[in-house]
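Right, one structure below, let's go through it.
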Amino acid sequence: MNRRLTLLILPLLLVVAGCTAGKANDDLAPRPPAAAERPSPFRDCSKLGTAPTSTATTAPTTAGTTAAAGGQALPELTLSCFTGGAPVALRDVAGPAVINVWASWCGPCRKELPAFQRLSERTTGQLQVVGVNTRDSRGGAQSIGEDFGVRFPILVDQGDALQRELKRNAFPLTLFVDAQGQIRHIDATGALDDAQLAKLVRQHLGLAVSA
């Protein structure tokens with residue numbers, strides 16, 4: 001009787017042992033890695049404190065006189081960089097520089113961003129082009145960078161600190177900053193194109209740029 005009972009129970013014990021071993025093996029099996037975050041399309045901010053290395057063709061005397069007029073210092077703000085790394089003190093951005101405040105939901109901002117990218121490419125070593133993304137989502141800003149081919153460095157200001165310091169609430173907003181860190185002009189006229197950007201850089205920063 002006992003022998004017969006043992007023969008009946010033994011297969012059940014083997015099945016249970018097999019299931020337990022299978023579960024243990026499943027726990028030890030490597031799990032697929034989490035989906036990697038998309039790489040940022042923008043450049044990092046590590047060189048924003050380094051002045052442009054070469055000198056552009058000097059604009060006529062009238063432009064130089066305009067650029068030499070009084071300006072205002074950049075606000076004492078420290079902003080994070082879209083790509084991470086150390087935060088950037090706005091006053092440490094080495095001029096001459098063009099700083100564009102934008103958001104992905106702003107139609108005129110989307111329209112003009114490609115012109116700022118071309119300005120960045122045309123003035124390498126002469127002028128820094130910097131973006132300040134505000135009131136936006138990270139995903140929205142990233143998608144604009146990818147879709148429009150925007151590569152220049154982007155700072156993040158989700159608290160509108162820069163616009164509040166400047167007492168400006170317009171979108172888009174563009175600052176023209178000279179080599180001494182003085183704001184020579186703030187433009188809030190709407191989407192700027194290549195010709196308008198070249199004219200403003202020439203007029204307020206004394207740099208000749210091809211349109």
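Values below: every heavy atom of this structure, side chains too, minus hydrogens, waters and symmetry copies. As the structure is a computational prediction, the values presented were derived from the model and not from experiment.
Residues passing the salt bridge (charged side-chain N to carboxylate O under 4.0 Å, His left out) test with Arg168: none are found, sequence neighbours excluded.
The side-chain heavy atoms of Ile186 and Leu173, taken from C-beta on, include a pair separated by under 4.5 Å. The shortest distance between side-chain heavy atoms of Phe42 and Val150 falls below 4.5 Å. Looking at heavy atoms from C-beta onward, Leu166 lies in side-chain contact with Pro75 at the 4.5 angstrom threshold.
Annotation: the span from Thr123 atom OG1 to Leu207 atom CG amounts to 8.5 Å, rounded to 0.5 Å. Distance check, rounded to the nearest 0.5 Å: CG of Leu162 to CD1 of Ile99 gives 7.5 Å. Atom CZ of residue Arg118 and atom CG of residue Leu113 lie 10.5 Å apart, to the nearest 0.5 angstrom. Going from atom NE2 of His185 over to atom CG of Leu205 covers 10.0 Å, rounded to the nearest 0.5 Å. Taken to the nearest 0.5 Å, the CZ atom of Arg135 stands 14.5 Å off from the CH2 atom of Trp102. To the nearest 0.5 Å, atoms CZ (Phe116) and OG1 (Thr174) are separated by 3.5 Å.
A donor-acceptor contact closer than 3.5 angstrom is absent between the side chains of Gln196 and Asp187.
The two residues Ala188 and Ala170 make their nearest non-hydrogen contact at CB-CB, 3.7 Å. The shortest non-hydrogen separation linking Gly140 to Ser104 is O-CB, 3.5 Å. Considering every non-hydrogen atom in both Cys106 and Phe171, the closest pair reads SG-CB, 3.8 Å. Minimum heavy-atom separation, Cys45 to Pro153: SG-CB, 4.1 Å. Closest approach of Lys111 and Ala191 over heavy atoms only: CD-CB, 3.9 Å. Closest of all the heavy-atom pairs between Arg43 and Ser120 is NH1-OG, 4.2 Å.
Here the side chain of Gln128 pairs no donor or acceptor atom with the backbone of Ala97 at under 3.5 angstrom. The backbone N or O of Arg164 lies less than 3.5 Å from no partner atom in the side chain of Asp160, so there is not a single donor-acceptor pair. Using a distance-only test at 3.5 Å, with no hydrogens or angles considered, a donor-acceptor pair links the side chain of Gln117 to the main chain of Arg151.
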Only distances under 3.5 Å count here; give the side-chain donor-acceptor pairs of residues 78-92 to other protein atoms, sequence neighbours excluded, each with its distance to 0.1 Å.
| unit_1 | atom_1 | unit_2 | atom_2 | d |
| --- | --- | --- | --- | --- |
| Arg91 | NE | Leu74 | O | 2.4 |
| Arg91 | NH1 | Glu76 | OE2 | 3.1 |
| Arg91 | NH2 | Leu74 | O | 3.1 |

#### Entry: Trace of the side chain to side chain contact (heavy atoms under 4.5 Å, CB included) decision for Gln158 with Asp136
CA-CA 7 Å; Gln158 296 304 349; Asp136 210 349; 4.2 Å; yes
### Task
List the steps, then state whether side chain to side chain contact (heavy atoms under 4.5 Å, CB included) holds for Val98 with Leu127.
CA-CA 7 Å; Val98 172; Leu127 178 74; 3.8 Å; yes
